[in-house]
Amino acid sequence: MKAAARLALFSLAFAGALAAQAEPLPGGGSALSPAAAPSPAYSAARARWQGDLSAFAAADRERLPEPGGVVFVGSSTIRMWSRLAQDFSQQPVIVNRGFGGSTMADCSLFASELVVRYQPRLVLVYAGDNDLAEGRTPLQVLESFAQFASTVRAALPDTRIAYISVKPSPSREKLLPGIRETNNVIGAYLKRLPNSDYIDVFTPMLAADGRPRPELFRGDRLHLNDEGYRLWQSVIASHLQQTPPAGTSVAQGTR
């Protein structure tokens, strides 16, 4: 993309992101004071993900994670990370709130329930490729992420927010231009968002020819295998602040 066109795209992206931050939460309330009447979008998403949300609520009733931990939220790549707690065992509390098939738009709608509720010191979100697969644009993904960040920041101003870049899956290779643009606009946005990180897993998942590395994926060519998760762990670990040694707990719903 030419420099002038890219500059125009970034300008539109930031304008959309700022507009998203200014919008009210789904029910018209705030992150600290949820409204009684949810929006149609929120109601539809909650109906779709009721099983996952109920599983998370049941896990919380059994044992609510302590505040000040690290929350991972997002789509199936997070949900299927079965060794998440072991891979980051230096962290006293790891909360897995991945729900398979979800979008960045879904994560934005449920930010209060799946992030703010746990009062983490750090939240890492992985979502966006499902949005693109469903036909949303990179700018729409950015706007959803900006709303997610706004909801978290309004309730938890000191919580660090990290975005894990959209991965290059072999089964979605045709989406690579949109994936690159999504990563670019969100990465640029995060440079202007205090207390935040952009975590680039996209680049090390590409082979020398610029195509996705198939050895990092399961047979479906979409989800990570053990080698893929080892790569993610090595990239993400450097972004997690070290905490004093303590027993690690993990909260994870089932679907």
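All of these numbers come straight from a predicted model, not from anything done at the bench.
In this structure, the side chains of Phe88 and Leu84 come closer than 4.5 Å at one or more pairs of heavy atoms. In this structure the side chain of Thr103 never reaches within 4.5 angstrom of the side chain of Ser144, judged on heavy atoms. At least one side-chain heavy atom of Ile186 sits less than 4.5 Å from a side-chain heavy atom of Val141. Looking at Leu156 and Tyr118, their side chains never come closer than 4.5 Å, going by heavy atoms from C-beta outward. Residues Arg79 and His223 form no side-chain contact, since every pair of their non-hydrogen atoms from C-beta on lies 4.5 Å or further apart. Looking only at side-chain heavy atoms (C-beta outward), Ile236 and Leu124 come within less than 4.5 Å of each other. Counting only heavy atoms from C-beta outward, the side chains of Met104 and Asp129 never approach each other to under 4.5 Å. Looking at Pro212 and Met205, their side chains never come closer than 4.5 Å, going by heavy atoms from C-beta outward.
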Output, in order, the C-alpha distance, side-chain angles, deciding distance and verdict of side chain to side chain contact (heavy atoms under 4.5 Å, CB included) for Phe202 and Val166. CA-CA 6 Å; Phe202 178 87; Val166 180; 5.9 Å; no
Pair Phe217, Leu222 - check side chain to side chain contact (heavy atoms under 4.5 Å, CB included), show working. CA-CA 6 Å; Phe217 294 85; Leu222 177 62; 5.7 Å; no
Taking it one step at a time, do Asn225 and Glu215 satisfy side chain to side chain contact (heavy atoms under 4.5 Å, CB included)? CA-CA 8 Å; Asn225 59 20; Glu215 71 272 16; 5.7 Å; no
Could you walk me through whether Leu240 and Gln90 satisfy the side chain to side chain contact (heavy atoms under 4.5 Å, CB included) test, starting with their C-alpha distance in whole Å, then the side-chain angles of each, then the deciding distance to 0.1 Å, before giving a yes or no? CA-CA 9 Å; Leu240 271 64; Gln90 302 90 344; over 6 Å; no
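The two residues Arg211 and Asp209 have their closest heavy-atom pair at N-OD1, 3.0 Å. Of all non-hydrogen atoms in Gly101 and Arg48, the two that sit nearest each other are O-NH2, 3.7 Å. Closest approach of Pro120 and Val115 over heavy atoms only: CD-O, 3.3 Å. Taking each heavy atom of Ser102 and Cys107 in turn, the nearest pair found is OG-SG, 4.5 Å. Nearest heavy atoms, Val152 versus Ala111: CG2-CB, 4.4 Å. Scanning both residues, Arg97 and Leu114, for their nearest heavy atoms gives CG-O, 3.8 Å.
Under the rule for a side-chain hydrogen bond (donor to acceptor under 3.5 Å, both in side chains), the partners of Gln50 that lie at least two apart in sequence or sit in another chain are Ser54. With sequence neighbours excluded, the residues that form a side-chain hydrogen bond (donor to acceptor under 3.5 Å, both in side chains) with Thr77 are Lys167.
Proximity of a side-chain donor or acceptor of Thr137 to a complementary backbone N or O of Gln140 within less than 3.5 Å is detected. Judged by distance alone, with hydrogens and angles left aside, the side-chain atoms of Ser165 form a donor-acceptor pair with the main-chain N or O of Val201 at under 3.5 Å. The backbone N or O of Pro204 sits less than 3.5 Å from a side-chain atom of Arg213, completing a donor-acceptor pair. With hydrogens and angles disregarded, a donor-acceptor distance shorter than 3.5 Å links the side chain of Arg153 to the backbone of Thr159. Judged by distance alone, with hydrogens and angles left aside, the side-chain atoms of Ser150 form no donor-acceptor pair with the main-chain N or O of Ala146 at under 3.5 Å.
With rounding to the nearest 0.5 angstrom, the OH atom of Tyr163 is 9.0 Å from the CG atom of Leu190. Between Phe110 atom CZ and Thr151 atom OG1 the span is 12.5 Å, to the nearest 0.5 Å. Expressed to the nearest 0.5 Å, how far CG of Leu224 lies from OG of Ser169 amounts to 7.5 Å. Note: Glu181 CD to Leu176 CG = 12.5 Å, rounded to the nearest 0.5 Å. Distance check: Leu142 CG to Asn183 CG gives 11.5 Å after rounding to the nearest 0.5 Å. Atom CG of residue Asp60 and atom CD of residue Glu113 lie 11.0 Å apart, to the nearest 0.5 angstrom.
The aromatic rings of Trp49 and Phe99 lie perpendicular to each other, with more than 60° between the two planes, well past the 30° mark.
Side-chain contact annotation: Asn130 with Arg172, donor-acceptor N/O pair under 3.5 Å present. Side-chain contact check for Asn195 and Arg160: at least one donor-acceptor pair (N or O, by modelled atom type) lies under 3.5 Å.
No close placement of the Tyr126 and Phe72 rings is indicated, their centers lying 6.0 Å or farther apart.
Tested against Asp87 for a side-chain hydrogen bond (donor to acceptor under 3.5 Å, both in side chains), the candidates Trp232, Trp81, Tyr229 yield a single pass: Trp81.
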